[in-house]
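Inspection log for the structure reproduced underneath, given as structure tokens.
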Amino acid sequence: MNSQDAFYLEVGDGHTIWVETRGSPNGVPALFLHGGPGSGCNPSQHALFDPAIHYAIFVDQRGAGRSLPHGERQANTTAHLIDDIEAVRSRLGIDSWLLVGG
């Protein structure tokens, strides 16, 4: 069964990130990180993953896309990004995943 879900995740420092999942939670987990700056994920990137095989996770990084506050650069570093994706991984109960970048 293929599914999709989207939610906001508070990650601290006044930031809330947008997370979208597509495909079966039993599929191969794959985290997609968009390019930047500020672009966010878009629906055309869903085509990178086969929902019958992958459990694709799309994250709009701090200050980007649908994440809040938009355009915020305070507390927005590589270390924060790593903490944020670990928070997503933990929230979704994923032990390991593929990493795909745009």
Side-chain angles (χ1 to χ4, degrees):
M1 176 178 177
N2 296 330
S3 64
Q4 62 185 42
D5 190 21
F7 57 92
Y8 281 102
L9 180 63
E10 290 186 28
V11 290
D13 305 307
H15 287 272
T16 303
I17 59 173
W18 173 262
V19 180
E20 180 179 9
T21 64
R22 298 181 75 80
S24 171
N26 297 319
V28 177
L31 172 68
F32 180 80
L33 296 178
H34 60 77
S39 62
C41 296
N42 66 65
S44 68
Q45 295 157 337
H46 297 163
L48 297 169
F49 303 96
D50 181 341
I53 297 171
H54 300 104
Y55 181 49
I57 300 103
F58 299 88
V59 175
D60 283 356
Q61 299 164 39
R62 290 182 183 217
R66 292 158 284 195
S67 291
L68 303 169
H70 188 72
E72 181 60 57
R73 294 177 16 201
Q74 295 287 358
N76 192 346
T77 66
T78 302
H80 288 102
L81 172 61
I82 292 168
D83 289 345
D84 293 353
I85 62 177
E86 280 299 300
V88 171
R89 189 185 62 73
S90 177
R91 163 83 181 262
L92 295 175
I94 296 171
D95 291 326
S96 62
W97 50 18
L98 303 173
L99 178 61
V100 180

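Residues Pro29 and Ser96 come closest through the heavy atom pair CG-O, 3.6 Å. Contact detail for Ala30 and Trp97: the closest heavy-atom pair is N-CB, 4.3 Å. Ser39 and Ala64 get closest at one heavy-atom pair: N-CB, 4.2 Å. Minimum heavy-atom separation, Asp95 to Arg89: O-NH1, 3.6 Å. Heavy-atom minimum distance, Asn76 versus Glu72: ND2-O, 3.0 Å. For Arg22 against Phe58, the heavy-atom pair with the smallest separation is CD-CE1, 3.9 Å.
For Arg91, the salt bridge (charged side-chain N to carboxylate O under 4.0 Å, His left out) criterion is met by no residue, not counting sequence neighbours.
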Go through it in stages, so that I can follow the logic: the residues are His34 and Asp60, the test is side-chain contact (heavy atoms from CB on, under 4.5 Å), and I'd like the CA-CA distance, side-chain angles, deciding distance and then a yes or no.
CA-CA 7 Å; His34 60 77; Asp60 283 356; 4.2 Å; yes
Check against side-chain contact (heavy atoms from CB on, under 4.5 Å), Cys41 and His46:
CA-CA 9 Å; Cys41 296; His46 297 163; over 6 Å; no
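In terms of modelled atom types and a separation under 3.5 Å, the side chain of His15 and the main chain of Gln74 share a donor-acceptor contact.
Both Leu9 and Leu33 belong to a common hydrophobic cluster when Ile, Leu, Val, Met, Phe, Trp and Tyr are linked at side-chain heavy-atom distances under 4.5 angstrom. At a threshold of 4.5 Å between side-chain heavy atoms, the hydrophobic network of Ile, Leu, Val, Met, Phe, Trp and Tyr places Leu99 and Leu81 in one connected group. Hydrophobic clustering places Val88 together with Tyr55 (ILVMFWY residues linked when any side-chain heavy atoms are closer than 4.5 Å, directly or through intermediates). Both Ile57 and Ile17 are members of a single hydrophobic cluster when ILVMFWY side chains are connected at heavy-atom separations under 4.5 Å. Leu48 and Leu98 are not part of a single hydrophobic cluster, where members link through side-chain heavy atoms under 4.5 Å apart.
Side-chain contact between Leu92 and Thr21 is present, with heavy atoms from C-beta onward closer than 4.5 Å. Here the side chains of Leu31 and Ile94 are not in contact, with every heavy-atom distance at 4.5 Å or above.
Distance check, rounded to the nearest 0.5 Å: OG1 of Thr78 to CG of Asp83 gives 11.0 Å. Atoms OG1 and CZ, from Thr77 and Arg62 in turn, are 7.5 Å apart once rounded to the nearest 0.5 Å.
With a 4.5 Å cut-off between side-chain heavy atoms of Ile, Leu, Val, Met, Phe, Trp and Tyr, the cluster of Tyr8 takes in Trp18, Leu68.
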